[in-house]
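All values below were derived from every heavy atom in this structure, side-chain atoms included, with hydrogens, water molecules and symmetry-related copies excluded. Letters A, B, ... mirror the listed sequences (proteins, then strands); counts begin at 1.
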2 protein chains.
Amino acid sequence: MTTLTIFFVRAIRESEQDVPDIRKDSADGQPDSGGVSLQDYLVRKGCFLSKATIKDVARVAEVSLKTVSRVINNEPTVKEATRKKVQAAIKELNYQPDMSARNLRGSMSYAIGLVYDNPNPYYVVGVQEGVLKACREMGYSLQIHPCDAHHDGIVEELCDLVRQSRLAGLVIAPPISENETITKALEDRGIHFVRIISASSPPAGASPCVYVNDRAAAHSVAEHLIAHGHTRIAFLSGEEEHHSTFERREGFKAALLEHGIAVDDSLILDGAYSFDSGLQRTMTLMDRSDRPTAIFGCNDEIAAGALAAVRTRGLTVPDDVAIAGFENSPFSQQSRPPLTTAAQSTSEIARQAMMLLVNEMRPQSTDNAEAPNYSEFVPELLERPSTSTRAT
Amino acid sequence: MTTLTIFFVRAIRESEQDVPDIRKDSADGQPDSGGVSLQDYLVRKGCFLSKATIKDVARVAEVSLKTVSRVINNEPTVKEATRKKVQAAIKELNYQPDMSARNLRGSMSYAIGLVYDNPNPYYVVGVQEGVLKACREMGYSLQIHPCDAHHDGIVEELCDLVRQSRLAGLVIAPPISENETITKALEDRGIHFVRIISASSPPAGASPCVYVNDRAAAHSVAEHLIAHGHTRIAFLSGEEEHHSTFERREGFKAALLEHGIAVDDSLILDGAYSFDSGLQRTMTLMDRSDRPTAIFGCNDEIAAGALAAVRTRGLTVPDDVAIAGFENSPFSQQSRPPLTTAAQSTSEIARQAMMLLVNEMRPQSTDNAEAPNYSEFVPELLERPSTSTRAT
DNA sequence: AAAAAAATAGTCAACGTTGTCATGTTGACT
DNA sequence: AGTCAACATGACAACGTTGACTATTTTTTT
């Protein structure tokens, strides 16, 4: 089968001169319909995998290679009539520019990388989806690059990646995006990138950035708990490496203070973004005589762990202890009772990040060269049964 | 910063002739140490993003371009001494072949695509990890392609993908890999691909395949339940579109029959691979007067839903009802009690798939051209508390 | 020792695209 | 009419690599 196809491809290549004649015949001799198009010709030859090249388009549109290139790249100096003709040819041949050739030739490349070291598959898949969607819209290809944030040679690793795959830029997800040593080094090396981070205000720095205002969202969650009458609320942290841990905790503390509740440091525990962490910490908490009446998990997995621990201790949620999480992962939807949480559309965030990156890399290609190079997202509170009773 | 870098890159390019002289000086005038290598030269110039090309390597190794190419591609007709010299130069310059140029030039390409439409992020991330690892080992780059299996133009979409990105082949995950209309069409078009599917024996067909023997694994799970004294066991199916649903159900039924237990069709329910599906079906089951004593969920999400339903009805697991899942996802580890399940190393499966694909695409490059073009994985039973009591 | 065979190494063009520069074409203004 | 912009198009080289072919060296055979 393969051999056959390759044979056909060769056949086409070799008879290249003949093709325009066929084309001419149909164009001159008779009206459009019923004519033999180049596309028909290729298809009839069984040439499934042959790609129409810019050359084919040029021949069909009867212009030069360069003019086709101009149309493809939306350069302004093309007469409208010519543009139309070329676009028609592109459509007829189902022409798509060859990424390898584009990337090879130009000072510019149409490939970007997505860098992450995130243990949460839901997050990763969401980010991938958003970036990929934006890539397709803008004609980019995507190279995913899961990696180890703690690997010493991470900066060199990323540089090699950019060089080997000729990447135009990187989208960097937390927690790597929040490591200033890394981002500074990349900046020094002149690598374009956009960061997705957790922050409560636009970050300083030249590189574009999408920041998720976890602080504001955590503030809302905390106020929600307070509104339900809770004053002894525990906070279960994730890894400190994730800036979101810090932001969420700050938002939590700010809400307490604003409502005149003293922050009890013994109720603010460190930990990790995992079920087990939530489980262990909560076991300890439940064994205290002055146990809290509510628990705020830094994410849903922690909260799910907390829920399991509370149950294990024979207590009920939300009557004995209210629980809130963060992220709106399936863990929060599928636990019993479902968990109050805060939602962020990961894919939308990632899409926006990609937009900012392109705007940074090619200021001319987009109209809004003067748009800010950052963008804010504020996760929204989702009230669910895990915090429902205890009305104020 | 960027402008600066580009300037330096230009500077290097323009002074190309000078570089070998510097090199020569250090090579001739004095012993190796203390000499000025080309690499040093580039780095001192601030030329972070400049790539060493095959040309640079050739100059340093004092051989022709083609010879370097031969070394890179492990062609046999290179004298050992020459090979050593070239490899040293490659190392010195930290040379890495340019993917774009390779893919552009050759009849062969070093890019493959990963095609999936799987709602389970854990599965997706696992497959990505495995394929990516194999890609790195073998010098391939990976293009991920999440897509909609029910989209009418899916075959054309995949062809366009292969053409536009010059992919050498595809790794196709379930359920798309189990759709014969699609795989047949791809075969007809001469596209190389490997499938990851659920099956109980090597599938017919020319294309390579990794099959996961869900039937055998489900058989084990069912026997485990039977061994714990259960005879009324319900089976909650996933989507029929996923062949794994069929296989797991067949394994389940076979185990019952082998142990002289009649298959009660009213205990075999259809459904979907979701928490909600498990929840709803189990609600119905629990309301029956002749409710089952055990439930086998076609995956862990279903089983987690079943667990929630059983609880909602005021029954306990495993004393009133035992529950088993499949897949060893976090849902099974983090539920209370943790769920008995069956595990498959998704990333190992994906890695193996990639290996088979390469073997198919380049029979010459690997030694084992005659190795079978399929491979079996049998998930292993993991006993956990959700099925623990009721000893036989 | 010469001839043939095998091994190693090199030359050149080509992959599909875009940047640079040159050329042609239009219309507006002396 | 003749000059000059401004616009529109084209010719050609180059990106980094490899396939086909050729040239050289080494080994084997006669």
- Task: Give a yes or no on whether the backbone of A:Tyr110 and the side-chain of A:Asn103 come within a donor-acceptor separation of less than 3.5 Å.
- Result: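 Yes, A:Asn103 side chain to A:Tyr110 backbone: donor-acceptor pair under 3.5 Å.
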- Atom pair distance, as rounded to whole Å: CZ in B:Arg102 and P in D:dG16: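 The answer, rounded to whole Å, is 15 Å.
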Side chain of [X] - closest among [options]:
{"X": "A:Leu104", "options": "D:dC15, D:dT17, C:dT17", "result": "D:dC15"}
{"X": "B:Lys66", "options": "D:dG10, C:dG16, C:dG10", "result": "C:dG10"}
{"X": "B:Arg105", "options": "D:dG10, C:dG16, D:dG16", "result": "D:dG16"}

- Query: Is there a residue in residues 70-90 of chain B whose heavy atoms reach under 4.0 Å of DNA chain D, and which residues are they?
  - Reply: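 When residues 70-90 of chain B is checked for heavy atoms under 4.0 Å from DNA chain D, the hits, listed by number, are B:Asn73.
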- Task: Using five pairs at either end of the helix from C:dA1-D:dT30 to C:dT30-D:dA1, determine the angle between the two local helix axes and round it to 10 degrees.
- Result: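 Helix axis angle between the two ends: 50°.
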- Under the side chain to side chain contact (heavy atoms under 4.5 Å, CB included) rule, collect the residues that match up with B:Ile72, sequence neighbours excluded.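 Result, side chain to side chain contact (heavy atoms under 4.5 Å, CB included) vs B:Ile72: B:Ile54, B:Val68, B:Ile90, B:Tyr95, B:Pro97, B:Arg102.
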- Distance check: side-chain N/O of B:Ser64 vs OP1/OP2 of C:dA9, anything under 4.0 Å?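 The answer is no; no side-chain N or O of B:Ser64 sits under 4.0 Å from OP1 or OP2.
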- Task: Establish, with yes or no, whether the OP1 or OP2 oxygen of D:dT18 is under 4.0 angstrom from a side-chain nitrogen or oxygen of B:Tyr110.
- Result: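 Answer is no, no contact under 4.0 Å.
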- Message: Is a donor from one side chain sitting under 3.5 angstrom from an acceptor on the other, for A:Gln143 and B:Ser141?
- Response: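 Absent: no donor and acceptor within the cut-off.
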- Verdict with supporting geometry, A:Ser207 and A:Glu360, side-chain hydrogen bond (donor to acceptor under 3.5 Å, both in side chains): CA-CA 8 Å; A:Ser207 57; A:Glu360 162 88 3; over 6 Å; no
